[in-house]
Trainee: 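Take this structure, written in structure tokens, and hold onto it; I'll ask about it next.
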Amino acid sequence: CGRAWEQLGLIYEKEQAYKDAAIHYEMAWDFCSQAVPSVGYRLAFNYLKAKRYVAAITVCQKVLQLRPDYPKIREDILNKARASLRTS
């Protein structure tokens, strides 16, 4: 069932409906007990696009706790969210 939420999130993301995508990725993230880094990455990405910077940072930190070497999350999302938070 978590995979279904992830797929719905992907559909909304492709439509650039980032707030709706984030809702579905949240469900997938919770369903997998916040233990699947790829779902966390997509959730943080959509939070960033929806201008929910604090939430994006929180999810990035959780993913980095699980996998400190997770590719690109630090550059693609975490640093951008922090910079956006400072300027907003």
Trainee: Is Leu48 reachable from Ile73 through a run of I, L, V, M, F, W or Y residues, each pair having side-chain heavy atoms under 4.5 Å apart?
Mentor: yes
Trainee: Does Lys72 come within less than 4.0 Å of Glu75, counting only side-chain N to carboxylate O?
Mentor: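 Looking at Glu75 together with Lys72, the answer is no, because their closest N to O distance does not fall below 4.0 Å.
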Trainee: Nearest 0.5 Å, please: how far is NZ in Lys51 from NZ in Lys19?
Mentor: 9.0 Å
Trainee: Quick one: closest heavy-atom pair of Pro37 and Arg67, and the distance?
Mentor: CG-CG, 3.7 Å
Trainee: Does a salt bridge link Arg52 with Glu26, judged by any charged N lying under 4.0 Å from a carboxylate O?
Mentor: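 So Arg52 pairs with Glu26 through a salt bridge.
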Trainee: Just one of Val59, Leu78, Asp69 clears the side chain to side chain contact (heavy atoms under 4.5 Å, CB included) bar with Leu64, so which one?
Mentor: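 Passing option: Leu78.
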Trainee: In sequence, state the C-alpha distance, the side-chain angles, and the governing distance for Tyr53 and Arg82, and then conclude on side-chain contact (heavy atoms from CB on, under 4.5 Å).
Mentor: CA-CA 7 Å; Tyr53 306 123; Arg82 285 179 173 160; over 6 Å; no
Trainee: Any chance you could measure Leu8, atom CG, to Tyr25, atom OH, to the nearest 0.5 Å?
Mentor: 9.5 Å
Trainee: Taking atom CG of Leu43 and atom OH of Tyr47, what is their separation to the nearest 0.5 Å?
Mentor: 4.5 Å
Trainee: Say you draw a straight line from CD of Glu6 to CE of Met27; how long is it, rounded to the nearest 0.5 Å?
Mentor: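 One gets 13.5 Å once the value is rounded to the nearest 0.5 Å.
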Trainee: Please name the pair of heavy atoms, one in Arg74 and one in Pro68, separated by the smallest distance, quoted to 0.1 Å.
Mentor: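 Distance-wise, the nearest heavy atoms are NH2-O, 3.9 Å.
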Trainee: Is any side-chain heavy atom of Glu15 closer than 4.5 Å to a side-chain heavy atom of Ile11?
Mentor: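 Yes, at least one pair of side-chain atoms sits under 4.5 Å.
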Trainee: Does the side chain of Asp30 reach to within under 4.5 Å of the side chain of Trp5, using non-hydrogen atoms?
Mentor: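 No, side chains not in contact.
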Trainee: Measure from NZ or CZ of Arg42 to the centre of the six-membered ring of Phe45 and say whether it is under 6.0 Å with the direction within 45° of the ring axis.
Mentor: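 Geometry flag: set, cation within 6.0 Å and 45°.
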Trainee: If you measure from OG on Ser38 to OH on Tyr70, what distance do you get to the nearest 0.5 Å?
Mentor: 5.0 Å
Trainee: With side chains defined as the heavy atoms from C-beta onward, is the minimum distance between Val63 and Trp29 less than 4.5 Å?
Mentor: yes
Trainee: Same cluster for Val36 and Phe31 if Ile/Leu/Val/Met/Phe/Trp/Tyr side chains link at under 4.5 Å?
Mentor: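 Different clusters: Val36 never reaches Phe31 through Ile, Leu, Val, Met, Phe, Trp or Tyr contacts under 4.5 Å.
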Trainee: Quick one: closest heavy-atom pair of Ala56 and Ala44, and the distance?
Mentor: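 Smallest heavy-atom distance, with atoms named: CB-O, 3.6 Å.
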Trainee: List the steps, then state whether side-chain hydrogen bond (donor to acceptor under 3.5 Å, both in side chains) holds for Tyr41 with Asp76.
Mentor: CA-CA 10 Å; Tyr41 180 93; Asp76 288 353; 2.9 Å; yes
Trainee: Taking everything shown except Tyr12 itself, do over 12 heavy atoms lie less than 6.0 Å from its OH?
Mentor: no
Trainee: Are the side chains of Ile23 and Asn46 in touch, meaning some heavy atoms are under 4.5 Å apart?
Mentor: no
